[in-house]
Amino acid sequence: MITEIKYKKQICDIGKRIYDKGFVAANDGNISMRVSENEYLITPTGVSKGFMTPEMIVKVDGQGNVLEGTPPFRPTSEMKMHLRIYQERPDIQAVVHVHPPYATAFAIAGIPLDQAIMPESVVYLGTIPVAEYGTPSTNEIPDAIQKFVHHHQGVLLENHGALTWGKDLEHAYYLMESLEFTAKINWIAKQMNGDRELSKKHVQTLIELKTKMGINSQSPIGAESEEGFHAKKITPPLEQSLSEHDLNLIVEKVTKSVLEELKKLF
């Protein structure tokens, strides 16, 4: 019981961190932790993750039945997603689901985080695929993420958010931090048309390091690059164009400004 109280406090602490970082808004997001072979602590529905207290945390079994919980607190409506991960991966001890802005933007765009842009993301994060859209609280999302659970450390949920799982709650949370940071750096680099990927040679060296560290997840491939080049851009440049409406507005504003200046002269 003392251990479970400690775990509940840890969930509340992580909840405050994700709220303070802007990874969620209002009552968004959910967190869970395995406490025994068939028992899990999970965050309640309808409560801000930044203002949870230990007595709000609910305990459920592997079928989603409530074992312990103080009314009116009920387990998150996205509990099925968490339980599917635990069923597929007995080694996983915690799951974090939030809506971090940059990662969620990639999820909405349907773009996976699979570029070898930084050594840290290659080694510690690996590739983050996009799981097909599913209606929250149904089996559609668990079914969509199932094929990724064994070879990745997280996924982007199409038009929804991000999901990570780990060996403990701190690990699952830090993977989410890394995921969002990678998405942000990737986005900024894309705006500069400079999202260059490390060469396959460098990526292979990083994968060997990753293997020695015991990190088991799919990694980016890297870019084919000429001898002497460490990185290369392989994605097409961003194309930005103005619509006829936008052009007309610009012309109208410029014309108005010119006419106003002319009136001052005469």
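Heads up: numbering here begins at 1 and tracks the sequence.
- Taking CG from Asn139 and CD from Gln146, the interatomic distance works out to 10.0 Å, rounded to the nearest 0.5 Å.
- Relative ring orientation between Tyr19 and Phe51 is described as perpendicular, the plane-to-plane angle rising above 60° on a 0-90° scale split at 30° and 60°.
- Here the shortest heavy-atom pairing between Gln93 and Pro90 reads NE2-O, 3.6 Å.
- Taking 4.5 Å as the limit, some side-chain heavy atom of Leu163 sits within range of a side-chain heavy atom of Ile145.
- The two residues Ser225 and Ser199 come nearest to each other via the heavy atoms OG-CB, 3.1 Å.
- Leu41 and Leu67 fall into different hydrophobic clusters, where Ile, Leu, Val, Met, Phe, Trp and Tyr are joined by side-chain heavy atoms under 4.5 Å apart, directly or via other members.
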Tell me, with the steps shown, if Arg34 and Glu39 meet salt bridge (Lys or Arg N to Asp or Glu O under 4.0 Å).
-> CA-CA 6 Å; Arg34 189 198 299 266; Glu39 294 181 330; over 6 Å; no

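- Side-chain N/O atoms of His97 and His82 include no donor and acceptor closer than 3.5 Å.
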Using the side chain to side chain contact (heavy atoms under 4.5 Å, CB included) rule, take Thr70 and Met56 through it: C-alpha gap first, then chi angles, then the decisive distance, then the call.
-> CA-CA 7 Å; Thr70 305; Met56 296 178 181; over 6 Å; no

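- When side chains are defined from C-beta on, His171 does not count as touching Tyr174, because their heavy atoms never get closer than 4.5 Å.
- A salt bridge is defined here as a Lys NZ or Arg NE, NH1 or NH2 lying under 4.0 Å from an Asp or Glu carboxylate O, and Glu197 with Lys232 fails to meet this definition.
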Please lay out, stage by stage, how Ser219 and Lys210 fare under the test side-chain hydrogen bond (donor to acceptor under 3.5 Å, both in side chains).
-> CA-CA 9 Å; Ser219 300; Lys210 178 177 182 175; 2.7 Å; yes

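- A donor and an acceptor atom, one from each side chain of Glu78 and Asn30, are located under 3.5 Å apart.
- By the neighbour-count criterion of 12 heavy atoms within 6.0 Å, atom NE2 of His151 is sparsely surrounded, having that number or fewer from other residues, nucleotides or ligands.
- The minimum heavy-atom distance between Pro136 and Ile141, with the atom names listed, is CA-CD1, 3.9 Å.
- The hydrophobic cluster containing Leu175 does not contain Met118, counting ILVMFWY residues as joined when their side-chain heavy atoms lie under 4.5 angstrom apart, directly or transitively.
- With Lys233 contributing its side chain and Thr235 its backbone, the two residues share a donor-acceptor pair below 3.5 Å.
- Side-chain atoms of Glu158 come within 3.5 Å of backbone N or O of Tyr133 as a donor-acceptor pair.
- Inter-residue side-chain proximity for Pro129 and Gln218 is flagged as unmet; no heavy-atom pair is nearer than 4.5 Å.
- Between Lys200 and Ile221 there is a side-chain heavy-atom pair separated by less than 4.5 Å.
- Remark: the backbone N or O of Lys201 is paired with a side-chain donor or acceptor of Thr205 at under 3.5 angstrom.
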For Ile11 and Met33, what are the C-alpha separation, side-chain angles and deciding distance, and is it a side chain to side chain contact (heavy atoms under 4.5 Å, CB included)?
-> CA-CA 8 Å; Ile11 290 174; Met33 177 186 290; 4.2 Å; yes

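- How far CD of Glu68 is from CZ of Phe73: 15.0 Å, rounded to the nearest 0.5 Å.
- Residues Phe23 and His99 form no side-chain contact, since every pair of their non-hydrogen atoms from C-beta on lies 4.5 Å or further apart.
- One finds the OG1 atom of Thr45 at 7.5 Å from the CG atom of Asn27 (value rounded to the nearest 0.5 Å).
- Taking 4.5 Å as the limit, every side-chain heavy atom of Glu224 sits out of range of all side-chain heavy atoms of Ile234.
- With rounding to the nearest 0.5 Å, the separation of OG in Ser121 from CG in Asp114 is 10.5 Å.
- Hydrophobic clustering keeps Ile117 apart from Leu125 (ILVMFWY residues linked when any side-chain heavy atoms are closer than 4.5 Å, directly or through intermediates).
- Clustering ILVMFWY residues whenever any of their side-chain heavy atoms sit less than 4.5 angstrom apart, transitively, puts Ile185 in a cluster other than the one holding Trp187.
- Contacts classified as salt bridge (Lys or Arg N to Asp or Glu O under 4.0 Å) and involving residues 137-151 (residues at least two apart or in different chains) are given here: Arg84-Asp143.
- In this structure, Ile215 shares a hydrophobic cluster with Val122, Val123, Tyr124, Leu198, Val203, Leu206, Ile207, Leu209, Met213, the cluster being traced through Ile, Leu, Val, Met, Phe, Trp and Tyr side chains under 4.5 angstrom apart.
- A donor-acceptor pair under 3.5 Å is formed between the side chain of Trp165 and the backbone N or O of His152.
- Residue Val35 is grouped with residue Leu169 when hydrophobic side chains (ILVMFWY) are merged at heavy-atom distances under 4.5 angstrom, including chains of intermediate members.
- Taking all atoms of both residues into account, the shortest heavy-atom contact from Glu170 to Arg17 is OE2-NH2, 2.7 Å.
- Atom NZ of Lys9 sits about 12.5 Å away from atom CD1 of Ile57, to the nearest 0.5 Å.
- Within the 4.5 Å cutoff, no side-chain heavy atoms of Lys80 are placed close to those of Thr138.
- Remark: Ile18 CD1 to Glu180 CD distance equals 12.0 Å, nearest 0.5 Å.
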Take Val95 and Ile31, measure what side chain to side chain contact (heavy atoms under 4.5 Å, CB included) needs, and give me the verdict at the end.
-> CA-CA 6 Å; Val95 178; Ile31 304 166; over 6 Å; no

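- Within 6.0 Å of the CD atom in Glu208, the count of heavy atoms belonging to other residues, nucleotides or ligands exceeds 12.
- Remark: Lys8 does not engage Glu55 in a salt bridge, criterion side-chain N to carboxylate O under 4.0 Å.
- Only one option out of Gln191, Lys190, Lys184 pairs with Ile188 in a side-chain contact (heavy atoms from CB on, under 4.5 Å); it is Lys184.
- When only modelled atom types and interatomic distance are considered, Tyr86 and Ser32 share a side-chain donor-acceptor pair under 3.5 Å.
- Between Val130 and the choices Ile111, Val155, Leu156, the side-chain contact (heavy atoms from CB on, under 4.5 Å) rule is met once, by Leu156.
- For the pair Pro44 and Pro75, the minimum side-chain heavy-atom distance is 4.5 Å or more.
- Taking every heavy atom of both residues into account, Gln63 and Leu83 meet most closely at C-CD1, 4.2 Å.
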Would you sort out whether Lys59 and Val66 count as a side chain to side chain contact (heavy atoms under 4.5 Å, CB included), showing the intermediate values?
-> CA-CA 6 Å; Lys59 184 196 282 189; Val66 175; over 6 Å; no

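- Shortest non-hydrogen contact noted between Gln87 and Gly62 is NE2-O, 3.5 Å.
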For residues 102-109, please give each side-chain donor-acceptor pair under 3.5 Å, one per line with the distance, not counting sequence neighbours.
residue: Thr104; atom: OG1; partner: Pro100; partner atom: O; Å: 2.7

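- Under 4.0 Å is where a charged nitrogen must lie from a carboxylate oxygen, and between Asp28 and Lys49 no such pair does.
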